[in-house]
*Asks:* 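Below are the structure tokens for one structure; questions will follow.
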Amino acid sequence: MKVEVRGNGIKEARVSEEAEFIIDGSMAGTGVPQVELSGVKANIPVHIVPVGNNMYRCTYTAAVPGSYVLTVFWSDLRVPGSPFKVNVSLACDPAKVVCTGDGLRSGVIGREIKAIIDTRRAGPGELTAHCMGPTKVAYCELFDHRDGTFTLYVKPQETGHHVLQVKYGSQHVPGSPFILRVSGPPDPSKVRVTGPGIEHGVLAVYQSHFVCETKGAGAGQLTVRVRGPKGAFRVEMQRKSQKDRTILCKYHPNEAGDYLIHVKWSGEHVPGSPFHVHIFETQEDLQHFLNSQPTEPKWRQQWSEEL
């Protein structure tokens, strides 16, 4: 008998999703197809639609997962290969996958970049991850915790914006593709601190602000601590925008004395830190102090002249 049955529907299907297969009797002569799809818990009706030239499109939708037996007849005779075993599994729902973690937004080369992916409410399916940088592919590793949750590790090869795609059942999960900003490791030596607030001065006219320029210093966190004659001082820190790498710092000294300013980038002192600042009651006291000091670097002299 020259009847061929082909299509994914003779092997597998998903609950609530239409499956199909083709019965090709174009080489078999006159005949009428018959199909039975039976399981332990239920039988599934199969719709047969002629498409011409003795070929038929067959479709069915399973409501219950499990193993089924698909039997195909041609004019009451079983066709070659029949019966077929069909595995019906639960359909996955990518919309119910939950992704969390800082590794979906930013990271630093050389440091662990990870995220948690929870597929427990999404049904069975295949989870995949792919990350592309400006010019190079970032290595992605999915660790299966065997409970429906996964840890995603991303290992970029370059800095810059990366596009991270997370798919479940070949479909994007909520939030995907994610834009991952990858920075270089922190380099405190690239931070520059300038301004009158790290210079010696006179209390009545003292300008207590200074600027920290972190451009080129990689990913990191700026911390500023000021300690005066009677203890710690509150430091105001602001930037024009979240992406701005220039940070304006200001404190409010209210008495003459010695001040110590610690400026750190990712926990390490930047060049010049800690800064020792002496604030005096009078210009004469300041001048006397400056005259007693060794020759200052040019950049300090420039600030003193501006004051």
*Asks:* With a cutoff of under 4.5 Å between side-chain heavy atoms, which Ile, Leu, Val, Met, Phe, Trp and Tyr residues group with Met55?
*Replies:*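 In the cluster with Met55 are Ile22, Val51.
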*Asks:* Given a cutoff of under 4.5 Å between side-chain heavy atoms of I, L, V, M, F, W and Y, with clusters grown through shared members, what are the other residues clustered with Val40?
*Replies:*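 Reading the cluster by chain and number, Val40 sits alone, since nothing else belongs.
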*Asks:* Do Phe233 and Val193 belong to the same hydrophobic cluster, where Ile, Leu, Val, Met, Phe, Trp and Tyr are linked whenever their side-chain heavy atoms lie under 4.5 Å apart, directly or via other members?
*Replies:*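 Per the 4.5 Å side-chain linkage, Phe233 and Val193 are co-clustered.
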*Asks:* Give a yes or no on whether a salt bridge exists between Lys190 and Glu268, defined as a side-chain N under 4.0 angstrom from a carboxylate O.
*Replies:*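 No.
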*Asks:* Test Glu20 against every option in Arg6, Lys11, Arg57 by the salt bridge (charged side-chain N to carboxylate O under 4.0 Å, His left out) rule and name the one that passes.
*Replies:*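 Exactly one option meets the salt bridge (charged side-chain N to carboxylate O under 4.0 Å, His left out) with Glu20, and it is Arg57.
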*Asks:* Each residue besides Tyr139 in its hydrophobic cluster should be listed here, by chain and number; the cluster joins Ile, Leu, Val, Met, Phe, Trp and Tyr at side-chain heavy-atom distances under 4.5 Å.
*Replies:*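 ILVMFWY cluster around Tyr139 holds nothing else.
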*Asks:* Quick check: closest heavy atoms across Gly133 and Glu158, and the distance to 0.1 Å?
*Replies:*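 In terms of heavy atoms, the two residues are closest at C-OE2, 3.5 Å.
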*Asks:* For residues Phe275 and Phe210, establish whether the separation of their ring centroids is below 6.0 Å.
*Replies:*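 Judged by ring-centre distance (under 6.0 Å), Phe275 and Phe210 do not meet the cut-off.
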*Asks:* Between Arg245 and Glu213, is the closest basic N to carboxylate O distance under 4.0 Å?
*Replies:*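 Salt bridge absent between Glu213 and Arg245.
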*Asks:* When Ile, Leu, Val, Met, Phe, Trp and Tyr are grouped by side-chain heavy atoms lying under 4.5 Å apart, directly or through other members, which residues fall in the same group as Phe178?
*Replies:*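 Once heavy-atom contacts under 4.5 Å are chained together, Phe178 belongs with Val97, Leu104, Ile109, Ile113, Ile117, Leu127, Leu142, Phe150, Leu152, Val154, Leu164, Val166, Tyr168, Val173, Leu180, Val182.
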*Asks:* What's the separation between atom CD in Glu126 and atom NZ in Lys167, rounded to the nearest 0.5 Å?
*Replies:*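 The distance works out to 11.0 Å.
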*Asks:* What's the spacing between Arg239 CZ and Cys212 SG if we round to 0.5 Å?
*Replies:*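 The CZ atom of Arg239 sits 10.5 Å away from the SG atom of Cys212.
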*Asks:* Measure up the Phe289 and His278 rings against each other and bin them: parallel (under 30°), tilted (30 to 60°), perpendicular (over 60°).
*Replies:*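 Tilted: the ring planes of Phe289 and His278 meet at 30° to 60°.
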*Asks:* Are Ile23 and Cys58 close enough that some pair of their side-chain heavy atoms sits under 4.5 Å apart?
*Replies:*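 Yes - at least one pair of side-chain heavy atoms lies under 4.5 Å apart.
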*Asks:* Calculate, to the nearest 0.5 Å, the distance between atoms CD and NE2 belonging to Glu236 and His209 respectively.
*Replies:*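 The NE2 atom of His209 is 12.0 Å from CD of Glu236, to the nearest 0.5 Å.
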*Asks:* Angle class for the Phe21/Tyr60 ring planes (parallel below 30°, perpendicular above 60°, tilted otherwise)?
*Replies:*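 Phe21 and Tyr60: tilted rings.
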*Asks:* Take a 6.0 Å sphere around CZ of Arg105 and say whether it holds more than 12 heavy atoms from other residues, nucleotides or ligands.
*Replies:*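 Enclosed: over 12 neighbouring heavy atoms sit under 6.0 Å from CZ of Arg105.
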*Asks:* Side-chain atoms of residues 25-39: list all donor-acceptor pairs with protein atoms under 3.5 Å, sequence neighbours left out, distances to 0.1 Å.
*Replies:*
{"unit_1": "Ser26", "atom_1": "OG", "unit_2": "Asp24", "atom_2": "OD1", "d": "2.7"}
{"unit_1": "Gln34", "atom_1": "OE1", "unit_2": "Asp76", "atom_2": "N", "d": "3.4"}

*Asks:* Can you name the residues that form a salt bridge (charged side-chain N to carboxylate O under 4.0 Å, His left out) with Glu12, not counting sequence neighbours?
*Replies:*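 Partners of Glu12 by the salt bridge (charged side-chain N to carboxylate O under 4.0 Å, His left out) criterion come out as none, since no residue qualifies.
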*Asks:* Which heavy atom in Ser189 sits nearest to a heavy atom in Pro271, and how many Å separate them?
*Replies:*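 Ser189 and Pro271 have their closest heavy atoms at O-CG, 3.6 Å.
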